[in-house]
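To start, the structure under review is shown below, and the notes come after it.
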Amino acid sequence: DASDGKIKIGILNDQSGVYADFGGKSSYEAAKMAVEDFGGKVLDVPVEVVTADHQNKPDIASNIARQWYDTEQVDAIMELTTSSVALAVQAISKEKKKIDIVTGAATTELTGKQCSPYGFHWAYDTHSLAVGTGGALVKQGGDSWFFLTADYAFGYSLEENTANFVKENGGTVVGSVRHPLASTDFSSFLLQAQSSGAKVIGLANAGLDTSNAIKQASEFGIVQGGQRLAALLFTLAEVHGLGLEAAQGLTLTEGFYWNRDDESRAFAKRFFERTGKMPNMIHTGTYSAVLQYLKAVQKAGTDETEAVSKALHEMPVDDVFGRGGTVAANGRMIHDMYLLQVKKPADSKEPWDYFDVLDTIPGKDAYLDPAKSGCDLVK
Amino acid sequence: MAASAMPGESNPRVVLSARGLRRDFGAFTAVKNVDLDVHHARVHALIGPNGAGKTTVFNLLTKFLQPTHGTITLLGTDITRTPPDKVARMGLVRSFQISAVFPHLTVLDNVRVALQRPNNLAVQFWRPMSALDRLNDRADELIAAVGLTRERNALAADLSYGRKRVLEIATTLALDPKVLLLDEPMAGMGQEDVGVVSDIIRTVALDRAVLMVEHNLSVVANICHHVTVLQRGEILAEGDYAEVSQDPRVRTAYMGTEEA
Amino acid sequence: MTTIFGIPLAALFGQLLIGLINGSFYALLSLGLAVIFGLLRVINFAHGAQYMLGAFVAYLLLQYIGIGYWPALIVAPLIVGAFGALVERFLLSRLYNLDPLYGLLFTFGMALAIEGTFRYFYGASGQPYAPPALLTGGTNLGFMFLPNYRGWVVVVSLIVCIGTWLLIEKTKIGSYLRAATENSTLVQSFGINVPMLLTLTYGLGAALAAFAGVLAAPIYQVSPLMGSNIIIVVFAVVVVGGMGSIMGAIITGYVLGVAEGLTKVFYPEASNIVVFVIMAIVLLLRPAGLFGRDG
Amino acid sequence: MKPFLEIADLHAWYGESHVLHGVNMTVGEGEMVTILGRNGVGKTTTLRTIIGILRERRGRIVLGGKDMMDVPLHRTAHHGIGFVPEERGIFSTLTVEENLMLPPVVASGGMSLDEIFELFPNLHERRSSPGTKLSGGEQQMLAMARILRTGVRVLLLDEPTEGLAPVIVQRIGEVLKKLKERGMTVLLVEQNFRFASKIADRFYLMDHGQIVGTFPVSELPDQMGMLNKVLGV
Amino acid sequence: MTHAAQPSPVAEPVRNTKNAATVQIAFLLAGTLLLVLAPLFFYPIFLMKILCFALFACAFNLLLGYTGLLSFGHATFFGGAAYFTAHAVKEWGLPVELGILVGVAGAAALGLIMGFFAIRRQGIYFAMITLALSQMFFFFCLQAGFTHGEDGIQSVPRGDLLGFIDLNSSTNMYYFVLAVFVIGMVVIWRFINSPFGMILKSIRENEQRAISLGYSVARYKLGAFVMSAALAGLAGAMKALVFQFATLTDVAWQMSGEVILMTLLGGIGTLIGPIFGAGLVVTLQNYLATSDFPVTIITGVVFMVCVLVFRRGIIGEFYASRLGRRLGFQHRR
Ligand SMILES: Nc1ncnc2c1ncn2[C@@H]1O[C@H](COP(=O)(O)OP(=O)(O)OP(=O)(O)O)[C@@H](O)[C@H]1O
Ligand SMILES: Nc1ncnc2c1ncn2[C@@H]1O[C@H](COP(=O)(O)OP(=O)(O)OP(=O)(O)O)[C@@H](O)[C@H]1O
Ligand SMILES: [Mg+2]
Ligand SMILES: [Mg+2]
């Protein structure tokens, strides 16, 4: 049974900074939806969700995480946007023997060298994005690539992973250019990409950098010129900010699309009523993580970490997000990913109807084989 | 370096000299062809109409400006390429035409700041402030010499203009300079202070060289042994006050009909 | 094909042109900054925020009142300029007789507050804004495809830069302003209404930033962060040009835009520090900046 | 002579320090009055308070029948009063000529540019160099010249001869006399007693922020003893 | 001399130094006691964070408050030292003491480089140059391999102090941080109340005059700059050990802004003001994290209000208040 008469889940993410649209306050709503859908109680004790804004600062995040664990009886922390924050909080959770489920950060380190027996990585990671966009797109005919890469570790690993899949699937990489983080103007890089003659221009960057690159690509008529843009980390929320006019034709990979089927549409509609926007993979991933956690507590019959963690590792995932998902020994939740293409404005039938699903990538292909992850929990 | 000259030496030594000094500001030449010898134990006046280049000569001598041509020698050393702080450490100290004190320091501290350097108390960041107390006797002496004892603990900013000038002189003296350059020390000073400062300068010059710019001709007449008149950047006349003041060129260019 | 360091000549021309376009933004922004600094002695940290405001106001005008690009090009700078003037009149003006650092700190706080507010209401990922119909599409110059809109940016920013320079350096108002920077009370004692002039100046500076913002809206994502991304580079531009020198700011803006553009071709990783590197070199050789009076 | 500038019970403060303690004085139209006093007694402060640069003030200032206490600083000049500060206030970012042309003309009857250049040939020679590159004395000339252009009728001068060569001092003396003939009212603060005694109609003696005495130039010989004691002249 | 008989216009400032000293010592003792007992009432990590930032702010204030140089690039030293120490301890396996030393030395070296460029200009120019240089350092850290980009250097071991005090206990760690903090404060205090500090002050007052008295102004400023950088580095090194990671946040220019805010809020040019400023900002950030208020807006508004109406900062205002003056404090500036 529950140790302190209550199950408490903390949603720790960026609510005021660059990643506020990515998850932000809406993820808190998603978490509450999950609790309500579960019935508001587990093991006969009430479930409470708390939230905090880590402002993208690992020290604030770790301060809050420690305080939550030590003085506020929080049982698990979720979402954790930004890799530095996720890694820091995962280390604390490991030390304190508490559960963390990351849906916001992309780094594979979380289930690699820095994995934790109580740490889980839920919605996506750099590897799955690379497989989705890199691998699947080659099959769709995009077999020569030019990368626009943000000049830091995150960008490199996106580029490297993607390039591997491009080559594995018989494509070629004709060149790449590294642009500094937070460049406002991409025209110079785009021109280089254009003259390379590659069929696909891969954007190995994130956030505003990607948005600006896409917007300027449309200005320079790159897509009209027959080249394809593929964003390696981009979600529905950013497409919405960009508008279909500028984003049309863009290819990207997400772990969820709201307009996928009736179940997803029903969930999205409820989410929309509460937040005014449609959910992306982060929001839905957090929903799924909370729900699965509660199921695990139910199954373990206690909120004791070891037991819940064991249950989480063992139980299959089956909800609107992670249909048919499984959790590997390194904490990686393995589920299907979707290769999406942004519609032309004329083809969009309703608000937020943005994507055509080009392909579904089965979980086992999308995620790194746990045995090769470098995590020493995998024997 | 040669030992400093004994007071009362019959043939005063040249301590600071300039040869062929020239300074251009763009196309404008502010100082040209100036030869100047400043002697130990003498008060030397540099006078001339406004804009003649007196302050510029000062700036050149103290190296606040770099001469376009010419050489400067201080105590036998060529200082033409030496930076200004170094020149000051060699014993050539100036005052400014517009008064220069440290406004939010007390009078005492103003003087002590100057005393710190020669006493090797400047860079010691590990010692307490009380290490400076051993400078107090000397500082008080200097303060008394210029008659600022009553204001010893007042902030320099609170002093009137004339008192600030007096303080500036005390600070300058604290460095025990071998050569003192004073740019219009009496400007803006009340009559009562003019007398005091004149006395101070006279006393100081007993074993130092003093070069001063001054428009107050009675002061020049009273305390200066030697006068150089500058006009349009060039030396117009030289000699003692009596000689110079009789020179008709000097009278038209500078003094007018006014009697000293 | 003729090449330079392995880059086809034609492509090089394209990159030069693009550098020039970016330089236009630098020039416009550093111009406003230099005007405010030169005349008010305030480092306007909020300049980036005002640039962002320009773009956002244009977006909001379109979204809620249906005012399009062309009117917005006038209206948005007016609104932001008026806002700037109010800020100056009631807040900033209290800081003039203090250490100029307080002006910098105040505008820094203002930048945070403005940016935070927009982030709170509009999120970080930005809003769409389409180029005006008249300027969509592009022209094939042979060596590159030049979007018409970019061409317009270069032309209009040049005109605005030169106009502002003439206003400040060549008119009586300009000499009032320059004198007021040095000794405002004295200028007032001559019978000139300095407070009013300063208010207008700050308003002008803010309006220039907003103008650049409107110009940028169809090119860059209209996002609360767009200002803080560019402002530090613009500061460096102004330092290189010599703070307070208006012509210096304009010329340096274009030159560094081109320098940055070329770096993007030859050594892209360094393209966003090239401006700082140039700054360091310039400061070593000419501490007052390329066009700076000393100070 | 009817009083043109009237000052009654004028107090002024720098922050917390009370500097003027009830200054009373009147200056008649076309009169040239000199304030004498030791360093720091408040002479400069009196001028700054009259013109309105120092606004922490109380009392009465009437100029040509108009109460000036509530007139904002930037309007005072338009009532025909000009100020030449002790520190000269030359603008470094403006050329000599721009400095000269800076103050707006507030009334007719000011000097023309030619007249000014004739009076101060140095300025003509250096007209296009930056203002503060002038020598100290040249700056003083510029500061005077600048106000003479505007056509003000009352001139407040703070130590105009400081740092000037004797020839120039003489010339300024002549200029002031000429101005007086044209009906200019002048309130002068001066340490150079010899200079002041030649041109002033009347003297005020100041001490500790108050006027402690006044006498016309005709009584000067009788007052020398007292002045000697107070000022050390 | 005639003038000696004249009453001087300047009154002798009244000072009750003895009383002041007693009061100040009383405050100091009370403060120390409070810090020693604090972990009984507050969360130790939170306290340690405050101490680190307090030391950082005081180091920054050493430069701004006592030499009048506003650096907008102090994050470089704070964050740089955090990286150096984290790397030294984690990758090279150095003991903590040496790790801290590496951080401090690294920060001092960075200070020397940045100072070399920046010292040549004053005021706003100085601020802009430091800002630009620190931005360069930020990009360096973003791209350099050893910093691990966005991930940061994680799981930095704290190890044992002197080989036998286990720093993984948060109590031990707290007292270690406290000791370092106190040492840092004593160094700062000595520095500003030393003959050297006196020269710095005079340079701030009138640079030309200081040169004419024979002081190589640039070297004195550089000395102060490096000192400030080294102490900021000490704070950064401690922070890396406390949180066991070093990330990009600490080298970003927003961090330089934050330390200015702390100093401004506490009181520029007061010895202990920045401590209060740091305490307040850290607490505020922590509080706002779980509230509905957007952090940046609040921070920005606090900044504006501070500059407009509260310029002397908490401690400065207190010193200048009637109570403060009665207790014998003085506010300069
Ligand atoms: N930095 C400078 N740039 C250009 N011209 C200068 C500069 N400094 C001085 N001058 C010019 O050089 C001339 C000499 O100036 P200087 O200050 O030496 O005169 P001065 O003899 O000291 O006069 P005064 O008695 O009025 O102080 C002046 O005409 C002045 O305008
Ligand atoms: N800005 C200021 N702040 C504070 N006190 C000041 C300020 N200016 C002047 N004082 C003080 O006010 C008093 C009067 O100064 P003021 O300048 O009016 O004297 P003054 O008679 O003009 O002297 P001087 O002949 O030296 O010019 C002096 O005691 C001076 O220290
Ligand atoms: Mg001179
Ligand atoms: Mg005076």
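Proteins get letters first, then strands, A, B, ... in listed order; numbering begins at 1 in each. Side chains included, hydrogens not; waters and symmetry mates left out as well; all remaining heavy atoms used.
Taking every heavy atom of both residues into account, Arg209(E) and Arg94(B) meet most closely at NH1-O, 3.0 Å. Val113(B) and Leu213(E) get closest at one heavy-atom pair: CG1-CD1, 4.3 Å.
Contact tally against chain B (heavy-atom pairs below 4.5 Å) for Ala210(E), Ser202(E), Gly223(E): the top residue is Ser202(E). Contact tally against chain E (heavy-atom pairs below 4.5 Å) for Ala88(B), Pro84(B), Pro103(B): the top residue is Pro103(B).
For Thr172(B), the parts lying under 4.5 angstrom from a heavy atom of chain E are both the backbone and the side chain. Contact of Leu175(B) with chain E is made through the side chain alone, with heavy-atom distances under 4.5 Å. Heavy atoms of Asn110(B) lying under 4.5 Å from chain E are absent altogether. Neither the backbone nor the side chain of Leu200(E) comes within contact range of chain B; no heavy atom of the residue lies under 4.5 Å from a heavy atom of that chain.
For Asp85(B) (side chain) and Ile211(E) (main-chain N/O), no donor-acceptor pair under 3.5 Å exists by modelled atom type. Side-chain atoms of Gln116(B) come within 3.5 Å of backbone atoms of Pro195(E) as a donor-acceptor pair (strictly under, hydrogens ignored).
For the atom pair NZ of Lys201(E) and CZ of Phe102(B), the computed distance is 11.5 Å after rounding to the nearest 0.5 Å. Arg117(B) contributes atom CZ, which lies 9.0 Å from atom OG of Ser216(E) (distance to the nearest 0.5 angstrom).
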Task: Check against side chain to side chain contact (heavy atoms under 4.5 Å, CB included), Arg89(B) and Tyr215(E) - done: CA-CA 8 Å; Arg89(B) 289 198 290 276; Tyr215(E) 292 108; 5.9 Å; no
- [ ] Report the C-alpha distance between Leu105(B) and Met198(E) in whole Å, list the side-chain angles of each, state the deciding distance to 0.1 Å, and finish with yes or no for side chain to side chain contact (heavy atoms under 4.5 Å, CB included).
- [x] CA-CA 9 Å; Leu105(B) 264 49; Met198(E) 190 70 180; 4.0 Å; yes
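Counted within 6.0 Å of CZ on Phe64(B), heavy atoms from surrounding residues, nucleotides or ligands total more than 12; the atom is thus considered enclosed.
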